[in-house]
2 protein chains.
Amino acid sequence: MGTSLKPAHIDLTASPRPDPDHADCRGVASVLSRVGDKWSVLVIMMLGDGPKRFNELKRMINGISQRMLTLTLRGLERDGLVTRTIFPTIPPRVDYELTDLGRGLSEPVKALGEWAMDHLTQIEAARTRFDRRNNG
Amino acid sequence: MGTSLKPAHIDLTASPRPDPDHADCRGVASVLSRVGDKWSVLVIMMLGDGPKRFNELKRMINGISQRMLTLTLRGLERDGLVTRTIFPTIPPRVDYELTDLGRGLSEPVKALGEWAMDHLTQIEAARTRFDRRNNG
DNA sequence: CGGTATCCTCTGCGATACTG
DNA sequence: CAGTATCGCAGAGGATACCG
């Protein structure tokens with residue numbers, strides 16, 4: 001096996017004492033990191049309107065390497081957000097589809113995306129202002 | 001200057017032709033990546049109930065290095081999500097506080113966090129199942 | 001106290017080549 | 001078509017030391 005799937009991801013296990021209050025924050029963080037992952041979000045978006053094949057996704061996303069698409073899909077599958085269906089035909093065919101869980105996740109993600117859209121100009125303005133302050 | 005602030009982040013500029021439909025997706029991605037950033041989210045959470053000082057944040061977050069806290073705060077400030085107020089006393093004092101924009105962002109983020117909490121067990125179950133399948 | 005500068009390590013990821 | 005295996009590098013981020 002080449003690369004591990006288990007999350008080198010986000011640990012937060014650093015806390016000296018488990019702090020019961022924020023105990024599950026770690027789990028939450030690992031979900032949030034999925035959302036922060038560019039490719040995962042894009043894949044979920046593309047799968048929003050029906051199942052897709054591997055190379056179909058690859059072409060739609062445009063810029064993702066084969067390696068990253070595989071890794072991303074495995075991660076989503078591992079989290080139960082996507083199903084992987086193999087048709088043992090020749091040539092082989094594999095379909096990826098959102099699970100109910102995956103579709104559920106896409107809701108708050110879309111909400112976030114909409115917020116981002118709505119405030120994008122404000123943010124970009126802030127960035128330009130900040131950058132001009134700090135250098136020429 | 002040591003490390004650049006401008007986002008090596010997420011580019012997506014890879015698209016051969018700008019694709020007007022998804023043009024602003026790039027900007028959105030850069031916002032999403034903030035959310036995916038473990039430290040940024042934690043800082044925003046901690047600032048949820050009032051302004052905090054630098055070392056106060058450092059102690060609350062527990063595990064973050066001084067360097068990363070500085071970088072994270074600068075990033076948030078750059079995006080207009082956080083303000084930085086310097087009190088030129090001795091010893092010096094610097095307060096960080098959420099802007100309206102920052103508070104606005106924290107809403108959909110909290111929604112996402114709640115979804116994560118609600119489905120954490122499902123996801124963890126899925127992971128265990130997946131891991132047991134694949135090795136064992 | 002609240003940083004910045006420097007170094008060094010570790011891994012994410014693209015590129016490439018091979019397989020069922 | 002849909003992957004896995006291997007290599008190599010750029011960049012993220014911790015540790016440390018110094019400054020106003």
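Here the structure is a predicted model, which means the values were calculated and not measured.
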Strictly below 4.0 Å, N to O, side chains only: are R78(A) and D131(B) in salt-bridge contact?
yes
R127(A)/E124(A) salt bridge by N-O under 4.0 Å criterion:
no
Indicate whether OP1 or OP2 belonging to [N] is found under 4.0 Å from a side-chain N or O atom of [X].
{"X": "R53(B)", "N": "dG2(C)", "value": "yes"}
{"X": "R67(B)", "N": "dA5(C)", "value": "no"}
{"X": "R74(A)", "N": "dG3(D)", "value": "yes"}

Would you kindly give the [atom1]-to-[atom2] distance between [X] and [N], to the nearest whole Å?
{"X": "I90(A)", "N": "dT19(C)", "atom1": "CD1", "atom2": "P", "value": "18 Å"}
{"X": "K38(A)", "N": "dG12(C)", "atom1": "NZ", "atom2": "P", "value": "15 Å"}
{"X": "F87(A)", "N": "dA2(D)", "atom1": "CZ", "atom2": "C1'", "value": "14 Å"}
{"X": "I86(A)", "N": "dA2(D)", "atom1": "CD1", "atom2": "C1'", "value": "10 Å"}
{"X": "L73(B)", "N": "dC1(C)", "atom1": "CG", "atom2": "P", "value": "16 Å"}
{"X": "L71(B)", "N": "dG11(D)", "atom1": "CG", "atom2": "C1'", "value": "12 Å"}
{"X": "L69(B)", "N": "dG2(C)", "atom1": "CG", "atom2": "C1'", "value": "10 Å"}
{"X": "Q66(B)", "N": "dC18(D)", "atom1": "CD", "atom2": "P", "value": "15 Å"}

For the side-chain contact (heavy atoms from CB on, under 4.5 Å) test, which of V82(A), D49(A), L76(A) pairs with L98(A)?
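The residue from V82(A), D49(A), L76(A) that satisfies side-chain contact (heavy atoms from CB on, under 4.5 Å) with L98(A) turns out to be V82(A).
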Hydrophobic cluster identity match, F87(B) and V94(B), side-chain contacts under 4.5 Å:
no
Counting side-chain heavy atoms from CB outward, which of [options] is closest to [X]?
{"X": "N55(A)", "options": "dG2(C), dC1(D), dG14(D)", "value": "dC1(D)"}
{"X": "M68(B)", "options": "dA2(D), dG3(D), dG13(D)", "value": "dG13(D)"}
{"X": "W39(B)", "options": "dG14(D), dG14(C), dG3(D)", "value": "dG14(D)"}
{"X": "T70(B)", "options": "dG3(C), dG14(D), dC1(C)", "value": "dG3(C)"}

Could you check whether Y96(A) gets within reach of a base, just the sugar-phosphate, or nothing at all, counting any heavy atom under 4.0 Å?
sugar-phosphate
Can you name the nearest heavy-atom pair linking L32(A) to L112(B), along with the distance?
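That would be CD2-CD2, 3.4 Å.
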Here's a test of your reading of the structure: between R59(B) and I64(A), which maps to the more 5' nucleotide of DNA chain C?
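The residue whose closest nucleotide sits nearer the 5' end is R59(B).
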